[in-house]
Amino acid sequence: MKSTKIGIDAGGTLIKAVYVENETIHYRSFRSQAMDDVVKWINEHFKNPAICVTGGKSQVLAEKLNMPAKKVIEFDATTQGITYLAYQQEQPIGNNFLFVNVGTGTSMHYVQDSSQERVGGSGIGGGTLLGLAYLTTGMQDYEQIVLGARDGDRGNVDLKVKDIFEGDVPPISGDLTASNFGKTEAMMQRPPSNPDILAAIIGFVGEVIVTISSQMAGQYDAEAIVYVGSSFRSNPLLQEIIEMYAGMIEKTPVFLEQGEYSGAVGALLAID
Ligand code: ADP
Ligand code: MG
């Protein structure tokens, strides 16, 4: 039993918790559906902890805890957490950056001199990945979905610019997606495999997000775009897509280790 500080970000899909032990930050996550597990874990492992909560489900969680908890605004906590993690990981993000939180849905924020403003968002996010994967393949397990996608070929599902400009030189890179899921004729001839479909879904989510966030970064003249959220967990494909497209513009995409815990780290830092 230890007396310590715990920062918790209770999101729509996952509850992220961080605590400090022996001067290192420890990270844990739970399904939001299994909120009682969090309460149990806290009661079993900590004695009189100081707790700070944030996130959409923080009110529900705070009511279940049998001890007082401080509550902070998620967007501000995430800003603090990102700034802290980027500094620790020696990732230069500058004083004005855009951060994109790809959680269940996607939220975009512009940070200037440590204060954030929400500048946009999209319902297309990690929840879309899970939902479309389930609808098209029946798969439900996140790890299996992202693992399956690694063996897939999006070329069997997505129509590329070069597929349209057959034998001609296209005016833009032929490797760009002309139409996500648009290779309908070919799919009717030869149905794509589940891995192909999964890879195309991740491609779709990544391309929508990178397109909107690149435009936002241009509009706000942000120095960097920081991508966080659990949708990048075990999901190199999503990161690669964002890196590839971001490479076409001049804004550097930054991926932080444990970036999905930014909100929880910010909550931890808010405990005096
Ligand atoms: P929120 O704060 O809305 O809960 P997160 O940043 O935690 O969002 O991201 C949730 C997304 O992360 C899910 O929609 C899914 O795509 C992905 N994800 C990563 N790991 C898991 C997991 N173990 N179970 C379910 N979804 C996961
Ligand atoms: Mg979240």
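All ligand and atom numbering here is 1-based and tracks the order in the structure. All figures in this text were calculated on a predicted structure; none of them were measured in a lab. Computed over heavy atoms, backbone and side chain alike; hydrogens, waters and symmetry mates excluded.
- Among the atoms of Gly103, none of the N or O lies under 3.5 angstrom from an N or O of ligand 1.
- The residue from Leu238, Thr13, Ile15 that puts a heavy atom closest to atom 4 (O) of ligand 1 is Thr13.
- Residue Thr104 has at least one N or O atom closer than 3.5 Å to an N or O atom of ligand 1.
- Residue Lys16 places a heavy atom less than 4.0 Å from ligand 1.
- Evaluated for a side-chain contact (heavy atoms from CB on, under 4.5 Å) with Ile145, the options Leu130, Asn235, Leu132 yield exactly one hit, Leu130.
- For Glu207 and Arg154, the salt-bridge test passes: some basic side-chain N is under 4.0 Å from an acidic carboxylate O.
- At a heavy-atom cutoff of 4.0 Å, ligand 1 is contacted by the side chain of Leu130 but not by its backbone.
- For Arg31, every heavy-atom contact with ligand 1 shorter than 4.0 Å involves the side chain, none the backbone.
- Among all non-hydrogen protein atoms, the one lying nearest atom 16 (O) of ligand 1 is Gly126 O, 3.0 Å.
- Backbone and side-chain nitrogen or oxygen atoms of Leu14 are examined, and one is located within less than 3.5 angstrom of a nitrogen or oxygen of ligand 1.
- Put simply, the side chain of Asp9 never gets that close to the backbone of Lys16: no donor and acceptor are under 3.5 Å apart.
- Nearest protein neighbour of atom 11 (C) of ligand 1, counting heavy atoms only, is Ser231 OG, 3.7 Å.
- Checking only distances, Asn101 never comes within under 3.5 Å of ligand 1, N or O to N or O.
- Two residues are said to be in side-chain contact when any heavy atoms from C-beta on lie closer than 4.5 Å; Ile51 and Leu65 meet this criterion.
- Of all protein heavy atoms, the one closest to atom 7 (O) of ligand 1 is Ser230 OG, 2.7 Å.
- Residues Ser234 and Glu143 are in side-chain contact: their nearest non-hydrogen atoms beyond the backbone lie under 4.5 Å apart.
- Side-chain contact, Thr4 with Glu21: no donor N or O sits under 3.5 Å from an acceptor N or O.
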